[in-house]
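These notes are about the structure you will find just below.
The first residue of the sequence shown is numbered 1, and numbering continues consecutively from there. Model, not experiment: these values are computed from the prediction. Atom set for the values below is all heavy atoms of this structure, side chains included, hydrogens, waters and symmetry mates excluded.
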Amino acid sequence: MTTKELQSIEGCLSLIGQDAATRERIIAALLEWESRHQRRHEGVDLRETATGPLVDALYKDIPLVSRKLSSGLMFSMPYKSRIAREFAMGVEPLDHVWEPQTTRLLLMLAGRARHVLVGGAYCGDHALPLASLVAERGGHVHCFELQALQLDALRKNASANGLSNITVNAVGLWSRPGFVQLQGSDSHATPQWCDSKTPDAFPVTTIDEYCRKSGVETLDLVMLDIEGGEFSALQGAEHFMASPVNSSPDLVFEIHRSYVDWSTGIKRTPIIGFLLDHGYDVFAVRDYQAHVDMSGLPVELVDLDDIYLEGPPHGFNMFATKRSSLVKDLGLVVRRGVSPKLLHHRFSERHQPGTAAS
């Protein structure tokens with residue numbers, strides 16, 4: 001590091017951050033400051049405006065975040081996104097990597113699963129805990145990811161944890177086979193259909209075709225986080241979507257205002273209409289897009305007939321099932337009139353987790 005680089009705060013923090021023990025002490029101090037001051041600055045996200053950028057500087061010259069979950073799973077990921085930053089700032093014991101309630105819900109749903117499919121598997125933040133759980137009954141997780149850095153992290157994480165029941169596919173999911181291009185980068189890379197193969201195009205397949213070729217007759221759980229490609233991926237799973245109750249997969253997927261127009265109500269969006277037409281019950285999942293300790297709190301869902309959607313373009317996860325008793329069986333709490341988007345800088349009940357069902 002040059003003298004000129006050390007004349008900036010970022011350069012100094014980058015140098016200091018290369019000492020792991022000091023870096024951890026600084027992050028702990030930033031988290032303590034954040035917890036004391038966030039309520040005084042309601043409406044201003046101190047993680048995004050103050051503490052997070054300082055942690056980014058500490059990690060400027062550190063390529064990977066590596067931490068162990070309380071389950072014993074070891075994770076490493078490139079420090080390229082908010083996901084990595086949140087993981088770096090997570091307070092032990094760590095029971096998840098990203099999206100705590102979505103992780104818990106997926107593991108609940110996987111209690112009966114043998115075949116799980118994850119589209120947009122990233123570094124394995126959801127796929128690895130799922131693979132570890134279903135391995136006990138000979139289950140398998142089928143992962144799809146297009147980004148080279150995250151593909152490499154996914155493969156290395158699976159290997160480091162001895163998880164041989166993960167198949168990593170360097171292809172995307174769509175409504176028909178062909179090619180897509182990615183617009184954007186890392187966790188915000190959006191797939192766009194292209195009519196022919198170009199140097200920057202990626203191959204895509206359908207869920208139905210993949211499962212047919214792989215000999216997967218029953219798909220139990222599908223998780224999709226592919227930045228606007230979720231509807232196309234589900235259209236490519238018509239065989240499974242049309243299956244009877246006991247042989248159709250449970251679904252967890254992201255929906256985002258940047259890709260889906262919900263201005264006339266979320267039930268009127270094509271993806272939700274598609275699922276309702278196929279006999280699914282659909283709910284929004286209340287969650288932080290962050291690493292937050294939510295142990296001891298129930299997993300909350302939001303009834304689509306009374307869901308709060310106001311605010312800047314944002315996204316959240318959805319849960320769909322044909323098993324009408326599943327919400328009660330799993331002890332999930334259904335709420336009305338609240339936002340699925342939990343925010344630590346908004347203190348009204350609308351954006352905070354609660355325990356009362358409506």
Side-chain angles (χ1 to χ4, degrees), residues 99 101-102 105-106 108-110 112-113 115-120 173-176 191 193 206-208 211 218-287 299-311 313-341 357-358:
E99 297 178 325
Q101 299 294 60
T102 299
L105 176 59
L106 286 167
M108 289 179 186
L109 296 172
R112 68 170 191 132
H115 284 285
V116 178
L117 185 145
V118 181
L173 297 171
W174 208 253
S175 56
R176 62 190 189 275
W193 178 263
T206 70
I207 292 175
D208 283 346
C211 290
T218 301
L219 196 55
D220 303 299
L221 175 61
V222 174
M223 164 67 179
L224 298 173
D225 186 356
I226 47 181
E227 301 302 309
E230 290 81 5
F231 185 28
S232 290
L234 291 177
Q235 287 176 307
E238 177 62 29
H239 169 74
F240 294 104
M241 298 296 98
S243 296
V245 173
N246 292 329
S247 57
S248 60
D250 296 319
L251 310 171
V252 176
F253 61 95
E254 187 187 40
I255 189 169
H256 199 290
R257 179 62 187 270
S258 295
Y259 317 121
V260 178
D261 180 7
W262 62 50
S263 58
T264 59
I266 201 162
K267 276 191 169 182
R268 294 180 180 272
T269 60
I271 188 170
I272 302 302
F274 174 81
L275 292 173
L276 295 175
D277 288 345
H278 281 75
Y280 276 91
D281 295 326
V282 188
F283 305 88
V285 181
R286 300 197 83 203
D287 206 354
V299 174
E300 296 182 331
L301 309 175
V302 187
D303 189 308
L304 297 191
D305 287 322
D306 192 6
I307 181 173
Y308 182 79
L309 296 171
E310 299 303 316
H314 60 285
F316 44 84
N317 289 322
M318 308 293 296
F319 163 52
T321 184
K322 291 186 182 181
R323 295 185 284 160
S324 58
S325 66
L326 189 59
V327 170
K328 182 179 179 180
D329 292 345
L330 295 180
L332 309 178
V333 174
V334 180
R335 304 195 66 202
R336 298 173 64 89
V338 295
S339 173
K341 192 83 167 180
S358 299

Q. If you draw a 6.0 Å radius around CZ in Arg268, do more than 12 non-hydrogen atoms from other residues or ligands fall strictly inside?
A.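 Atom CZ in Arg268 is not crowded, with 12 or fewer foreign heavy atoms closer than 6.0 Å.
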
Nearest 0.5 Å please: distance from the [atom1] atom of [X] over to the [atom2] atom of [Y].
X	Y	atom1	atom2	answer
Asp220	Phe240	CG	CZ	9.5 Å
Phe319	Leu326	CZ	CG	4.5 Å
Arg257	Phe316	CZ	CZ	10.5 Å

(Q) Restricting to non-hydrogen atoms, name the atom on Glu254 and the atom on Asp225 that form the minimum distance, rounded to 0.1 Å. (A)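 Heavy atoms of Glu254 and Asp225 come nearest at OE1-OD1, 3.0 Å.
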
**Q.** Shortest non-hydrogen separation from Val299 to Gln101 and the atoms involved
**A.**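 Taking Val299 first and Gln101 second, the nearest heavy atoms are CA-NE2, 3.7 Å.
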
Q | Pairing of Asp305 and Arg336 as salt bridge, 4.0 angstrom limit | A |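 Answer for the salt bridge query: no.
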
Any donor-acceptor N/O pair, [X] side chain to [Y] backbone, under 3.5 Å:
X	Y	result
Lys322	His278	yes
Asp287	Thr102	yes
Asn317	Val252	no

Q. Would you say Glu230 and Val260 make side-chain contact, with heavy atoms under 4.5 Å?
A.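 No, too far: nothing below the 4.5 Å cut-off.
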
Q. Does a side-chain heavy-atom distance below 4.5 Å link Leu332 with Leu105?
A.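 They are in side-chain contact.
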
Q) Do the ring planes of Phe274 and Phe231 sit parallel (below 30°), tilted (30 to 60°) or perpendicular (above 60°)? A)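 Plane angle over 60°, so perpendicular.
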
Q) In terms of the angle between their ring planes, are Trp174 and Trp193 parallel, tilted or perpendicular, with boundaries placed at 30° and 60°? A)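 Aromatic pair Trp174/Trp193 classed parallel.
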
Q. Is it true that the side chains of Asp261 and Ser263 contain a donor and an acceptor less than 3.5 Å apart?
A.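 Indeed, the side chains of Asp261 and Ser263 share at least one donor-acceptor pair under 3.5 Å.
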
